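Reading through the structure tokens given below for one structure.
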There are 2 protein chains.
Amino acid sequence: MDKSQIAQKLSGFYMFSELQPSQIELLANGTRLVDIPRGGRLFNRGDKAHGFYLLLEGQIKLGVISPQGDEKVIGLIQPGESFGEAVLFLERSFPVYAQTTLDSKVLLITREAIFDILDNDVTVVRRMLAAISARNRQLVNDIESISLQNSTQRLIGYLLQISADSPNPERVQLPANKLTIASMLNLTPETLSRVMLRLSNAGLIEVNGKEIVITNVAGLRNFE
Amino acid sequence: MDKSQIAQKLSGFYMFSELQPSQIELLANGTRLVDIPRGGRLFNRGDKAHGFYLLLEGQIKLGVISPQGDEKVIGLIQPGESFGEAVLFLERSFPVYAQTTLDSKVLLITREAIFDILDNDVTVVRRMLAAISARNRQLVNDIESISLQNSTQRLIGYLLQISADSPNPERVQLPANKLTIASMLNLTPETLSRVMLRLSNAGLIEVNGKEIVITNVAGLRNFE
DNA sequence: TTCAAAACTTGATTCGAGTCAAGAAATAAT
DNA sequence: ATTATTTCTTGACTCGAATCAAGTTTTGAA
């Protein structure tokens with residue numbers, strides 16, 4: 001992928017869509033493409049940040065691992081989404097690791113390049129603030145559901161959310177394997193499996209691998 | 001409190017410490033003082049944001065309440081700290097309520113005033129980004145400890161943290177009542193009480209109401 | 001200063017979800 | 001196509017923390 005293709009990808013990204021070609025070119029000069037095969041690490045917890053990332057293809061899992069080796073998935077990044085912004089503005093290292101779950105292509109937008117743009121473009125500033133704020137909101141929601149909902153409510157909430165985001169709300173596709181989904185929902189795989197069985201038996205969903213058919217949205221929303 | 005006193009408070013706040021007097025004055029014109037007695041609500045979940053807040057005196061509890069009435073405290077704001085920034089940059093309402101736990105004085109820095117400054121001052125932009133990013137980091141830490149640590153580890157982590165932030169690390173003061181501390185740590189008050197008793201019995205801490213003497217820091221860090 | 005309300009503690013018991021184990025199904029590698 | 005490996009499911013059992021209950025202490029309001 002050459003510079004002009006990188007520039008094209010950058011200008012197609014929401015945060016930079018208002019920038020002039022000359023500014024995009026500047027940004028592209030401070031951006032590099034990173035190719036990582038499935039299962040590879042983009043960075044580890046504790047690594048210093050050299051910039052922030054824009055996922056072009058594949059999928060990235062952000063997570064933490066306890067001293068006992070237990071893993072918790074904090075977020076799942078899809079193509080077109082950026083991540084790692086927040087670390088840039090603190091003199092700190094990454095609090096999470098980033099690992100691909102599919103062969104992936106990522107743009108690394110270096111610190112210097114983005115700081116330069118931020119100093120000169122009000123729109124990018126706003127959108128950067130909005131991006132970090134949105135992540136913030138998501139984290140608050142996650143804390144709320146971990147703290148105040150039981151396993152069934154968390155799964156239902158998650159299914160309804162991905163259903164709402166889907167073009168075909170009755171038939172959704174889990175975006176990752178069930179181990180990862182379980183970890184995002186703060187469940188063990190065993191519990192996820194059992195809760196899905198309960199919802200199936202209640203006639204609310206049908207599960208075929210990663211495909212979930214929501215047969216009764218209202219029932220799902222009001223379950224228990 | 002008149003305009004010049006508000007201006008003085010604003011210029012003493014880290015985020016605005018580099019601003020010129022003329023800019024501070026502009027900001028002060030878009031700022032108002034809010035006085036709220038102990039137990040009062042500054043805003044509720046779902047309220048539209050008119051700006052962000054700087055706590056001058058007192059204490060503010062940020063939290064959520066489940067449909068079943070269970071409460072979860074997400075954050076505790078101390079004098080000199082700001083909050084509510086993230087909501088400003090999303091076209092959304094507050095995901096949490098804000099309630100005083102002491103008689104409090106708060107500055108409300110209105111949307112228009114801060115946006116105006118953000119468009120004209122690079123330092124404030126950086127510090128705003130840093131402030132929201134720091135909150136982000138805290139939230140990730142919270143999710144990590146809720147997800148991967150047991151009740152004892154969470155309390156120990158919390159005590160070590162407030163001890164590290166304290167001028168007198170051996171003798172710390174809980175910043176709120178135990179019900180609030182318990183909720184922040186995702187514990188019931190009963191469990192908090194029992195865990196404190198266990199740590200006391202193990203000779204690691206001494207508890208006298210809100211005052212905790214950490215008699216054995218290393219032991220506390222390596223407990224279990 | 002008194003007293004009512006709120007906060008905290010302690011004990012007994014329950015329960016949701018985790019753990020351990022073993023097998024089935026799906027996926028990837030050869 | 002076959003096999004190895006990973007992922008997923010199901011069952012039996014355990015356990016950490018919640019709940020329920022009752023008493024004590026602290027706090028703040030009249």
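These figures come from a predicted structure and were not determined experimentally. So that the names make sense, note that chain A is the first sequence line, chain B the second, and so on, each numbered from 1.
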Choose from [options] the nucleotide whose nearest atom is closest to any side-chain atom of [X].
{"X": "B/Thr188", "options": "D/dT10, D/dA17, D/dT19", "value": "D/dT19"}
{"X": "A/Glu190", "options": "C/dT10, C/dA21, C/dG18", "value": "C/dA21"}
{"X": "B/Pro189", "options": "C/dT9, C/dG18, D/dA17", "value": "C/dT9"}
{"X": "A/Asn177", "options": "D/dC8, C/dC8, C/dT19", "value": "D/dC8"}
{"X": "A/Arg38", "options": "C/dA17, D/dT10, C/dA28", "value": "C/dA28"}

Pairing of [X] and [Y] as salt bridge, 4.0 angstrom limit:
{"X": "A/Arg111", "Y": "A/Glu91", "answer": "yes"}
{"X": "A/Glu57", "Y": "A/Arg38", "answer": "no"}
{"X": "B/Lys61", "Y": "B/Glu71", "answer": "yes"}
{"X": "B/Glu144", "Y": "A/Lys72", "answer": "no"}

Please report the distance, rounded to the nearest Å, between [atom1] in [X] and [atom2] in [N].
{"X": "B/Asn150", "N": "C/dT19", "atom1": "CG", "atom2": "P", "result": "12 Å"}
{"X": "B/Glu71", "N": "C/dA7", "atom1": "CD", "atom2": "C1'", "result": "14 Å"}
{"X": "A/Leu155", "N": "C/dG16", "atom1": "CG", "atom2": "P", "result": "17 Å"}
{"X": "B/Leu187", "N": "C/dA7", "atom1": "CG", "atom2": "P", "result": "17 Å"}
{"X": "B/Asn201", "N": "C/dT10", "atom1": "CG", "atom2": "C1'", "result": "12 Å"}
{"X": "A/Asn186", "N": "D/dA17", "atom1": "CG", "atom2": "P", "result": "14 Å"}
{"X": "B/Gln153", "N": "D/dA17", "atom1": "CD", "atom2": "C1'", "result": "14 Å"}
{"X": "B/Asn208", "N": "D/dT25", "atom1": "CG", "atom2": "P", "result": "15 Å"}

Give A/Asp70 one of three labels, base, sugar-phosphate or nothing, depending on what nucleic acid heavy atoms sit under 4.0 Å from its own. nothing
Checking all strands, does A/Leu192 fall into the base, sugar-phosphate, or nothing category for heavy-atom contacts under 4.0 angstrom? nothing
Would one find a side-chain N or O of [X] under 4.0 angstrom from OP1 or OP2 of [N]?
{"X": "B/Thr191", "N": "D/dA17", "result": "no"}
{"X": "A/Lys178", "N": "C/dA26", "result": "no"}
{"X": "A/Ser151", "N": "C/dG16", "result": "no"}

If each of A/Thr152 and A/Lys210 is mapped to the nucleotide of DNA chain C with the nearest heavy atom, which maps nearer the 5' terminus, i.e. the 5' end? A/Thr152
Hey, is the side chain of A/Arg194 pairing donor to acceptor with the base of D/dG11 inside 3.5 Å? yes
Side-chain donor/acceptor of B/Ser133 to backbone N/O of A/Ala86, under 3.5 Å: yes
